[in-house]
Amino acid sequence: MKKELPKNYNPADFEDRIYKDWCDKKYFAPDPDKKKPAFSIVIPPPNVTGQLHMGHALDETLQDILVRTKRMQGFSTLWVPGTDHAGIATQIKVEEQLRVNEGLTRYDLGREKFLERVWDWKNQYGSRIISQLKKLGSSCDWDHERFTMDEGCSRAVREVFVNLYEKGLIYRGYRIINWCPNCRTALSDAEVEYAEQEGAFWHIRYPVKGMEGTYVTIATTRPETLLGDTAVAVNPNDERYRDLVGKTLILPLVGREIPVIADEYVESDFGTGCVKITPAHDPNDFEVGKRHNLPVIKMLNDDATINAEYGGKYAGMDRYAARKAMVADLEAQGYLAKVEKYSHNVGTCYRCKTTVEPLTSDQWFVKMEPLAKPALEAVTSGEIRFEPERFAKTYINWMENCHDWCISRQLWWGHRIPAFYCDACGKMTVSKTDIELCPDCGKPVRQESDVLDTWFSSALWPFSTMGWPEKTADLSRYFPTSTLVTGYDIIFFWVARMIFSSLEHTGKKPFSTVFIHGLVRDAQGRKMSKSLGNGIDPLKVIDEYGADALRFALATGNAPGNDMRFSDEKIESARNFANKLWNASRFVLMNLTDDDKAELPALEKLAIEDKWILSRFNQLVKTVTENMEHYELGVALGEIYSFTWDSFCDWYIEMAKSRIFDAESEGAKVARSVLCYVLTGILKLLHPFMPFITEEIYGALPHDDESIMISKYPTYDEKLVFTAEEEDVERIIGCITAIRARRAEMNVAPSKKAKLFVVTKYEETFKATAKILEKLASASEVVLTDSYDADDAISIATDAGNFFIPMRDVVDFDKERARLSAELEKTEIEIGRLSVKLDNPGFLAKAPAPVVEAERQKLVKYNETKAALVAAIAKLK
RNA sequence: GAAGGUAUAGCUCAGUUGGUAGAGCGUCUGCUUGACGUGCAGAAGGUCAUAGGUUCGAGUCCUAUUAUCUUCACCA
């Protein structure tokens with residue numbers, strides 16, 4: 001029955017083999033048994049263009065832990081895998097390839113040919129990320145794999161689009177939107193990231209018509225948009241400009257006449273108190289323009305060059321080149337009053353980081369207000385729970401403030417919007433199926449060229465993957481899904497949209513719990529990114545340390561929802577744990593005989609240490625199960641770790657040795673059974689976290705089930721609650737006495753066997769009594785306090801067993817010097833920073849006096865610190 | 001401007017319902033003891049950011065403050 005394990009723990013030897021075996025045996029497929037409760041998860045679909053990164057690794061690991069646990073607990077589990085077509089990302093990738101390999105653009109190929117290329121690309125590389133997920137050990141039902149643009153998902157998209165349109169929740173409109181000049185498409189609000197940029201504030205004089213020498217000075221950060229100005233606005237209550245309202249200005253460089261208007265939107269005390277109004281290129285100005293019926297002058301092309309219609313001599317120039325040229329011209333012609341340095345937040349494209357331009361355009365929108373209401377309620381009522389709870393606030397905050405969702409994208413790769421225009425009669429038809437002729441006049445129609453935002457289809461993922469709108473068996477059994485596992489960074493993009501979509505179209509919530517995790521950062525706490533080149537490749541980590549070690553490192557050591565740092569230390573300590581488990585198992589295996597089983601011996605045969613470890617294990621089962629229920633995976637794993645290493649390896653195995661080495665004895669047989677039983681239990685609890693090593697060891701031990709994956713998860717066992725007996729106390733006291741005698745005799749630190757006395761580490765299940773403690777006290781000459789807590793026994797025992805080794809007072813001068821130098825460096829940086837700040841006239845002018853004084857004081861303090869550090873370093877030399 | 005996170009050992013972080021502060025790594029001492037040096041046995045190191053409050057009792061709950069990070073919204 002028993003097998004042997006190779007001497008060294010080498011995960012590469014068995015991880016792939018085991019994974020293949022699981023797949024062959026179809027263990028990942030949901031159990032068809034109808035009596036079992038269902039548990040389902042849909043994967044946050046990674047981009048088809050994606051390469052596995054640490055974020056995925058964390059996400060998949062957490063999901064797999066949940067799924068494997070539930071599966072072992074007797075649920076029929078379905079974990080739906082799949083990928084996202086990732087509109088912009090994929091299109092850019094294929095365009096790039098086309099450009100590099102063939103020197104072509106997508107326009108050279110035309111829409112149809114280009115899309116063929118994208119599909120080719122998808123078919124060739126789209127499975128890469130999937131095979132990478134498998135390396136992690138993910139137990140997804142691969143027969144259920146989906147793609148956001150496969151037939152079923154596409155059908156769901158159309159169904160949803162048409163439904164929303166017919167309900168008046170999708171509309172087409174000329175609005176101001178965020179435009180990425182690089183991707184040449186509209187973006188939704190969520191797709192714009194704001195980044196602080198150093199810029200300038202240009203103060204420009206606009207001459208007043210008919211009043212020679214009188215100017216209105218406006219301040220702007222984007223002088224080139226002057227070409228699109230259709231008014232200048234002031235606050236109606238601003239005394240300075242009251243007389244100007246209604247006057248006409250001459251737009252410098254252009255010569256066009258624009259009015260001065262009054263609008264509450266303008267804040268008198270910011271800038272000059274006068275604002276140029278450019279309705280086509282600023283969301284606020286757009287609103288002002290609507291209120292005052294101003295014309296909308298769009299002066300940019302799609303690639304952010306100045307257009308021919310309004311550009312004049314600047315036509316065709318890039319926005320920044322035009323800015324430079326126009327500022328030069330303004331200055332030359334005396335219109336430039338002054339230039340201030342100014343740093344402000346600028347919107348950038350979340351894909352390519354290009355600065356976006358707000359501009360007016362014809363786009364499709366989803367009306368959010370009616371959808372947001374039930375989506376809010378689902379969370380506030382607790383029907384959908386966020387874990388950790390605080391993320392519900394993030395969600396609610398966004399839901400309450402979101403604007404209509406711009407869903408059209410000027411791309412080719414994606415779900416083409418199912419709207420059909422008839423040029424002959426001007427009618428637009430929205431249809432679930434493709435149409436060629438206008439239903440009204442019978443003339444040919446052309447389909448809308450825009451595609452939908454990628455997130456439009458991801459929003460349907462929990463039900464589109466289950467076959468909706470068909471009433472499938474999957475849909476009724478596994479939808480709503482149980483838990484959604486994802487990072488807090490896509491609560492807006494994805495989680496929120498899934499919730500309102502699902503409520504609107506299926507009438508049900510998409511999932512019961514949203515389990516949110518943080519970001520994986522590098523060892524310095526920076527975001528992992530391609531541009532920084534600080535990303536750690538999970539596949540390399542797997543190669544070097546094994547998937548189990550990676551999973552362990554990701555699942556432990558940080559509170560739910562918090563970001564985590566990934567470091568070598570962490571992965572090494574994880575690997576060391578795997579190694580420890582491996583070796584402990586080898587020890588157990590090498591002592592087992594052929595007829596040993598992982599079964600408990602008769603309880604009356606158990607020695608005190610057997611009872612101790614069994615009761616501790618029983619307690620472990622309880623806390624781990626509870627923590628898993630509360631999504632405290634890290635705590636659960638931490639418990640398993642310390643039980644395995646401290647209690648099982650360091651204590652129980654050592655204690656068991658005295659009996660085991662007399663292999664024929666009855667005591668040895670009992671000890672072997674208990675070793676085997678507890679080890680098997682550890683493997684089962686650990687399996688969801690470290691599936692490969694636990695499977696490998698499980699297979700070597702005596703076992704009933706074919707695989708640990710389909711074995712039963714341990715449950716709390718009333719039988720394993722023991723009470724300490726009189727003779728146990730005698731035995732403990734005997735041990736302590738023996739240890740003390742031996743210690744005195746040898747005058748050396750106690751060896752491992754001295755640990756026997758810590759059998760007194762009773763858990764609450766042991767019901768340590770006052771009698772036991774008193775006896776212990778008299779045996780170890782320790783005075784007891786008046787409390788009778790189990791933990792007291794530990795401290796008594798510890799005092800009895802320890803030696804105190806005097807520390808040598810050592811100072812490492814080199815290290816100390818390095819530390820001080822580092823501190824000095826930091827101090828100097830601070831001094832530099834403060835000096836610059838205090839030299840900055842802008843800061844001195846704007847900041848209140850106490851703030852400036854505080855900064856001065858800080859500078860003084862830093863200078864003192866610096867002096868002290870320099871002195872300290874000098875002393876070391 | 002709004003909301004939220006974080007502040008605990010030299011470093012990175014845990015700490016589940018309030019009850020004598022923990023781990024990993026690092027440091028120091030000793031140990032090639034019949035699975036493991038990816039190890040074993042010990043040790044040093046924390047007034048749990050600050051000030052109040054609730055409580056018999058606060059790292060934990062409440063209030064304020066400071067520092068720091070993030071997200072959202074932004075003034076041209």
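These numbers were taken from a predicted model, which means no experiment stands behind them. Convention: sequence-line order gives letters A, B, ...; per-chain numbering from 1. The figures here come from the full heavy-atom set of this structure, side chains too, leaving out hydrogens, waters and symmetry mates.
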Tell whether Arg575(A) reaches the base of U38(B) with its side chain through a donor-acceptor pair below 3.5 angstrom.
-> yes
Hey, are Glu626(A) and Thr623(A) close enough side-chain-wise for a donor-acceptor pair under 3.5 Å?
-> no
Base, sugar-phosphate, or nothing: which does Thr220(A) touch, judged by heavy atoms less than 4.0 Å apart?
-> sugar-phosphate
Gap between atoms CE and P, on Met399(A) and C72(B) respectively (whole Å) | 16 Å
How many Å lie between NE2 on His403(A) and P on C72(B), as a whole number?
-> 14 Å
Classify the nucleic acid contact of Tyr265(A) as base, sugar-phosphate or nothing, counting any heavy atom under 4.0 Å across all strands shown.
-> base
Looking across every strand, which nucleic acid part, if any, lies under 4.0 Å from Ile653(A) by heavy atom: base, sugar-phosphate, or nothing?
-> base
Using atom types as modelled and distance alone, determine if a side-chain donor or acceptor of Thr348(A) lies under 3.5 Å from a backbone N or O of Thr355(A).
-> no
Which whole-number value in Å describes the distance from His517(A) NE2 to G5(B) C1'?
-> 16 Å
Quick one: which of A35(B), C25(B), G15(B) gets closest to the side chain of Glu632(A)?
-> G15(B)
Secondary structure of RNA chain B in dot-bracket form (Watson-Crick or G-U wobble, distances below 3.5 Å, | marking inter-strand pairs) | (((((((..((((.....[..)))).(((((.......))))).....(((((..]....))))))))))))....
With a non-hydrogen cut-off below 4.0 angstrom, is Asn562(A) in contact with a base, only sugar-phosphate, or nothing?
-> sugar-phosphate
Quick one: label Asn558(A) by what it contacts on the DNA or RNA (base, sugar-phosphate, nothing), any heavy atom closer than 4.0 Å.
-> sugar-phosphate
Please work out if Phe577(A) contacts a base, only the sugar-phosphate, or nothing of the nucleic acid, heavy-atom cut-off 4.0 Å.
-> nothing
Give the nucleotide from the list A35(B), G39(B), C72(B) with an atom nearest to the side chain of Cys649(A).
-> A35(B)
Interatomic distance where CD1 belongs to Ile516(A) and C1' belongs to U71(B) [whole Å] = 13 Å
Just checking Ala559(A): base, sugar-phosphate only, or nothing, at a heavy-atom cut-off of under 4.0 Å?
-> sugar-phosphate
Taking atom types as modelled, is there a side-chain donor on Tyr9(A) or Asn576(A) under 3.5 Å from an acceptor on the other?
-> no
Distance below 4.0 Å between Trp645(A) side-chain N/O and C40(B) OP1 or OP2 | yes
NA contact type, Thr221(A), heavy-atom cut-off 4.0 Å: base, sugar-phosphate, or nothing?
-> sugar-phosphate
Distance, rounded to the nearest Å, where Phe552(A) contributes CZ and A14(B) contributes C1' | 12 Å
Please report, rounded to the nearest Å, how far the P atom of G4(B) is from the CG atom of Leu519(A).
-> 20 Å
Answer with yes or no whether Asn345(A) presents, from its side chain, a donor or acceptor under 3.5 Å of a partner atom in the base of C74(B).
-> yes
Closest nucleotide among G39(B), U38(B), A76(B) to the Asn579(A) side chain | U38(B)
Nucleotide nearest Asn627(A) (side chain, heavy atoms from C-beta), chosen from G24(B), C40(B), U16(B) = U16(B)
Taking atom types as modelled, is there a side-chain donor on Lys276(A) or Thr225(A) under 3.5 Å from an acceptor on the other?
-> yes
OP1 or OP2 of A76(B) under 4.0 Å from side-chain N/O of His344(A) = yes
To the side chain of Glu569(A), which of C40(B), A76(B), C25(B) is closest?
-> C25(B)
Side-chain N or O of Arg390(A) less than 4.0 angstrom from OP1 or OP2 on G5(B)?
-> no
Determine whether the aromatic ring centres of Tyr652(A) and Phe643(A) lie less than 6.0 Å apart.
-> no
What's the closest nucleotide to the Asp650(A) side chain, out of A41(B), A73(B), C36(B)?
-> A41(B)
Think Tyr641(A) has a side-chain N or O under 4.0 angstrom from the OP1 or OP2 of A14(B)?
-> no
In whole angstrom, give the distance that lies between atom CD of Glu193(A) and atom P of U70(B).
-> 12 Å
Using the benzene-type ring in the case of Trp, are the ring centres of Phe689(A) and Phe552(A) under 6.0 Å apart?
-> no
Check whether any side-chain N or O of Asn576(A) sits under 4.0 Å from OP1 or OP2 of G24(B), and answer yes or no.
-> no
Centroid separation Phe201(A) to His203(A) less than 6.0 Å | yes
For Phe493(A) and U71(B), what is the distance between atoms CZ and P respectively, to the nearest whole Å?
-> 12 Å
Answer with base, sugar-phosphate or nothing: what part of the nucleic acid does Trp202(A) contact at a heavy-atom distance below 4.0 Å?
-> nothing
Residues two or more places apart in sequence or in another chain: which of them pass side chain to side chain donor-acceptor pair (under 3.5 Å) with His403(A)?
-> Asp189(A)
Closest to the side chain of Lys7(A), out of A73(B), C36(B), U12(B), is C36(B)
So what does Lys393(A) hit on the nucleic acid, given a heavy-atom distance under 4.0 Å: a base, only sugar-phosphate, or nothing?
-> sugar-phosphate
Ring-ring centroid check Tyr215(A) Tyr206(A), cutoff 6.0 Å = no
